[in-house]
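Below, all heavy atoms of this structure are taken into account, side chains as well, without hydrogens, waters or symmetry copies. The chains referred to below are lettered A, B, ... by the order of the sequence lines, with proteins before strands, and numbering in each begins at 1.
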There are 2 protein chains.
Amino acid sequence: MSSRSRILRLSRYKNAALRLKSLNFLKVFSDNLADATGVTASQVRKDFSLFGISGNRRGGYQIDELLTQLNKVLGKDKLQKFIVVGVGNMGRGMINYPGFIKSEIKIVAGFDIDPSKYNRKADAPVFPMDELTAFVKTNEVEFGIIAVPDFAAQEVFERLIQAGIKGVLNFAPIRLKSDNTDIVVHNLNLETEIENLIYFVNTKVNPAE
Amino acid sequence: MSSRSRILRLSRYKNAALRLKSLNFLKVFSDNLADATGVTASQVRKDFSLFGISGNRRGGYQIDELLTQLNKVLGKDKLQKFIVVGVGNMGRGMINYPGFIKSEIKIVAGFDIDPSKYNRKADAPVFPMDELTAFVKTNEVEFGIIAVPDFAAQEVFERLIQAGIKGVLNFAPIRLKSDNTDIVVHNLNLETEIENLIYFVNTKVNPAE
DNA sequence: CAAAATTTGTGAATAAAATCACGTTTTCAA
DNA sequence: TTGAAAACGTGATTTTATTCACAAATTTTG
Ligand SMILES: NC(=O)c1ccc[n+]([C@@H]2O[C@H](COP(=O)([O-])OP(=O)(O)OC[C@H]3O[C@@H](n4cnc5c(N)ncnc54)[C@H](O)[C@@H]3O)[C@@H](O)[C@H]2O)c1
Ligand SMILES: NC(=O)c1ccc[n+]([C@@H]2O[C@H](COP(=O)([O-])OP(=O)(O)OC[C@H]3O[C@@H](n4cnc5c(N)ncnc54)[C@H](O)[C@@H]3O)[C@@H](O)[C@H]2O)c1
C-alpha cells in the first residue's frame with residue numbers, strides 16, 4: 001500500500017497529462033510532468049514504477065495509455081457514486097460542482113433534516129434522512145460526504161456505516177469514531193488548513209526563530 | 001522550518017487540548033494527546049520539543065500554558081484577517097462559518113464580479129472587485145481565499161498579489177503561477193481529495209495487488 | 001547502418017520522519 | 001525523607017521517502 005502523498009501526486013500527474021492531451025500532445029516525458037506538478041523527474045518515474053506504469057526509453061509515455069493506467073489506479077475507470085449529507089453551503093457546493101461531470105465521480109443525492117432542503121425532482125435530488133439507508137442500498141452507493149454541523153457529524157457517520165457506505169469525506173471539525181475498521185475516513189478540516197497557511201506565511205516573514 | 005504535516009499535527013494537538021480544557025482538565029499528558037489525535041506519544045513530545053514547548057516530568061503539560069504556546073506557533077495569538085474572492089457556494093460557506101468566531105481568524109469581506117452578490121451592510125460585506133486593492137491596503141489584510149471558477153483563478157491571484165496579500169488558500173483546481181516568491185499558496189483540491197479516498201477504499205477492498 | 005543523443009527504470013545512496021529507549025525529573029505515599 | 005512510579009526530553013535507531021546515477025533501450029541523424 002502506498003502513502004497518501006504518493007496517491008495525491010498520481011492525481012496531479014493525471015491532471016497534468018489531461019491538460020497536455022487537450023493541447024493535442026500524444027506523448028509526455030517524466031520531465032514535463034515533473035515541471036507541471038513541482039516534483040523531480042525521478043520522483044515521477046519512481047511513482048509510476050511502483051504501480052507498474054511504464055513508458056518507452058527515449059520515447060516517454062503515450063498520454064492515452066498513461067491516462068488509462070492512472071485512471072485505473074485512481075478508480076476513475078468506473079462510476080463512483082457519492083451521497084452528500086447536510087445540504088448547507090458546503091454540501092450544496094459539492095452537489096452543484098460542474099467539474100465532476102467529466103470525471104467518473106457522481107453525486108447521486110443529498111440528505112438533510114431540514115424539510116426546506118428537500119427536492120425530489122432535481123438532477124441530484126435531496127431527501128429526508130430516513131430514506132438514506134434504503135437509497136444507499138438500492139443504488140449501491142459506496143461513498144458519503146459529511147457536511148453537517150460538528151454536533152451532528154458522529155450520528156450521521158454511524159448512519160452511513162449502517163447503510164453500508166465504504167468511504168467518507170468528512171468536513172466537520174471532529175474526529176469520527178468507529179470500531180468498524182473497514183470504513184475509510186478522510187478528514188478535511190478547513191480551519192486546520194488555514195492555520196497551516198498562517199504558520200507558513202508567518203515563518204516566511206520572520207525566518208529567524 | 002518544519003514540515004507541513006508537523007504543523008497540521010500541532011493544530012490537532014491544540015484542538016484536542018481545547019476539548020480537554022472544556023472538560024475542566026488542567027493538565028494533559030503526551031499520551032492523552034496521542035490517543036486523541038492518532039499518533040504516538042513520542043511523536044507528540046518530539047513535535048513539542050522542536051518548538052521549545054516543554055512540560056513537567058511526571059506532571060505532563062499545563063493545558064493553559066500549552067494552549068498559549070501552540071496558539072503562538074499557529075499565529076492564533078493575534079487576529080488574522082482574510083478576504084474571500086468569489087462568493088459562490090464555497091465562498092459563502094467560508095464567510096458564514098460560525099466556527100471562526102471563537103478563533104482568531106476573521107473573514108472581513110468578500111469580493112465578486114456578480115452585482116447580485118454585493119452587500120455593503122452585512123457583517124462581512126461583499127464588494128465589487130475594483131475595490132479589492134484599496135480595501136486590502138486600508139485594512140491591512142494579509143490572507144486571501146480564492147473561490148472563483150478555475151478560469152478566473154489566475155487573474156484573481158495576480159490581483160491579490162498586487163494588493164499585497166501574503167498567503168492564499170486556493171480552492172480552484174489549477175496550479176497558480178507567479179514569479180513572486182514571497183507569496184505562500186496552499187491548494188485545496190476537492191476532486192483530488194475524493195480520488196484519494198476512492199483509492200484507499202478500493203485497495204482496502206482488494207488487498208491483493 | 002552505425003554512432004550519438006535521449007529518456008526510461010531501478011538499485012544504491014541520501015535525506016527526512018518516526019519510533020525507541022533510557023536517563024532525568026517530578027510526584028506521591030509511607 | 002526516602003523509595004518507587006510516572007512522564008518528560010532527547011540522542012540513537014529504524015523506517016520511510018526521495019534523489020542520485022547509470023545501464024539498457026529507443027530514436028534520431030548523418
Ligand atoms: N463546489 C465543489 O464541490 C468544488 C469541488 C472542487 C473544486 N471546486 C472549486 O472551488 C471554486 C469555487 O467553487 P464554488 O462551487 O463556490 O463556485 P461557484 O460557481 O458557486 O461560485 C463562484 C463565484 O465566483 C464569482 N466569480 C466568477 N468570476 C469571478 C471573477 N473573475 N472575480 C471575482 N469573482 C468571480 C461568481 O460570481 C460566483 O459567485 C471553483 O474553482 C471550483 O472549481 C469546487
Ligand atoms: N463553511 C466553512 O467555511 C467551514 C469551515 C470549516 C468547517 N466547516 C464544517 O463543514 C460542515 C458543513 O459546513 P456548512 O457551512 O455547509 O454548514 P451549514 O450550516 O451551511 O449546513 C449544514 C447542513 O446540515 C443540515 N443538518 C443539520 N443537522 C443534520 C442532521 N443531523 N442530519 C442531516 N442534516 C443535518 C442542516 O439542515 C444544513 O442544511 C460543518 O461541520 C462545518 O463545521 C465549514
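- For D:dC8, the OP1/OP2 oxygens have a side-chain nitrogen or oxygen of B:Arg45 closer than 4.0 Å.
- Between B:Ala41 and A:Arg6, the residue anchored closer to the 5' end of DNA chain D is B:Ala41, taking for each the nucleotide with the nearest heavy atom.
- Checking the phosphate oxygens (OP1, OP2) of D:dG9, a side-chain nitrogen or oxygen of B:Tyr61 falls inside 4.0 Å.
- Using a 4.0 Å cut-off between charged side-chain N and carboxylate O, A:Arg4 and B:Glu193 make a salt bridge.
- If you take CZ of A:Arg4 and P of C:dA17, they are 16 Å apart, rounded to a whole angstrom.
- The distance between atom CD of B:Gln62 and atom C1' of D:dC8, rounded to the nearest whole Å, is 14 Å.
- Between B:Leu50 atom CG and D:dG9 atom P there is a gap of 12 Å when expressed in whole angstrom units.
- Rounded to whole Å, the distance from CD on A:Gln69 to P on C:dT8 is 14 Å.
- Whole-Å rounding puts the A:Gln43 CD to C:dG9 C1' distance at 15 Å.
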Distances under 3.5 Å between nitrogen or oxygen atoms of protein and nucleotides 23-27 of chain C:
residue: C:dG23; atom: N2; partner: B:Arg57; partner atom: NH1; Å: 2.5
residue: C:dT24; atom: O2; partner: B:Arg57; partner atom: NH1; Å: 2.9
residue: C:dT26; atom: O4'; partner: B:Arg57; partner atom: O; Å: 3.1
residue: C:dT27; atom: O2; partner: B:Arg58; partner atom: NH1; Å: 3.2

side-chain contact (heavy atoms from CB on, under 4.5 Å) between A:Phe51 and A:Arg6, worked out: CA-CA 11 Å; A:Phe51 286 94; A:Arg6 172 157 281 128; 4.0 Å; yes
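- For B:Phe29, the listed nucleotide lying nearest its side chain is D:dA7; candidates were D:dT18, D:dA7, C:dT7.
- Within 4.0 Å (heavy atoms only), A:Ser5 reaches no atom of the nucleic acid at all.
- The side chain of A:Thr40 places no N or O atom within less than 4.0 Å of a non-bridging phosphate oxygen (OP1 or OP2) of D:dT18.
- In this structure, A:Phe48 reaches neither bases nor backbone, as no heavy-atom distance under 4.0 Å exists between it and the strands shown.
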Please evaluate residues A:Gln154 and A:Glu158 with respect to the criterion side chain to side chain donor-acceptor pair (under 3.5 Å), reporting the C-alpha separation (whole Å), side-chain torsions for both, the decisive distance (0.1 Å), and the verdict. CA-CA 6 Å; A:Gln154 179 64 34; A:Glu158 283 158 20; 2.6 Å; yes
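- Here the P atom of nucleotide C:dA16 and the CD1 atom of B:Ile7 are 16 Å apart, to the nearest Å.
- Residue A:Asp47 contributes atom CG, which lies 14 Å from atom P of C:dT8 at whole-angstrom precision.
- Note on A:Glu140 versus A:Lys81: no salt bridge recorded, every NZ/NE/NH1/NH2 to OD/OE distance being 4.0 Å or above.
- If you measure from atom CD1 of A:Ile53 to atom P of C:dT7, you get 20 Å, rounded to the nearest angstrom.
- Checked against a 6.0 Å centroid threshold, the rings of B:Phe111 and B:Phe135 count as neighbours.
- Dashed line: the shortest gap from a side-chain N or O of B:Ser30 to OP1 or OP2 of D:dC8 is under 4.0 Å.
- The environment of CG in B:Asn180 is crowded: more than 12 heavy-atom neighbours from other residues, nucleotides or ligands sit within 6.0 Å.
- Around atom NZ of B:Lys21, no more than 12 heavy atoms belonging to other residues, nucleotides or ligands sit under 6.0 Å away.
- Each of A:Lys46 and B:Ser49 was assigned the nucleotide of DNA chain D with the nearest heavy atom; the assignment lying further toward the 5' end belongs to B:Ser49.
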Please walk me through it: do B:Ile83 and B:Val108 pass side-chain contact (heavy atoms from CB on, under 4.5 Å)? CA-CA 6 Å; B:Ile83 56 168; B:Val108 291; 4.0 Å; yes
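- Contact annotation for A:Ser42: base contact, defined as any heavy-atom pair under 4.0 Å involving a base atom.
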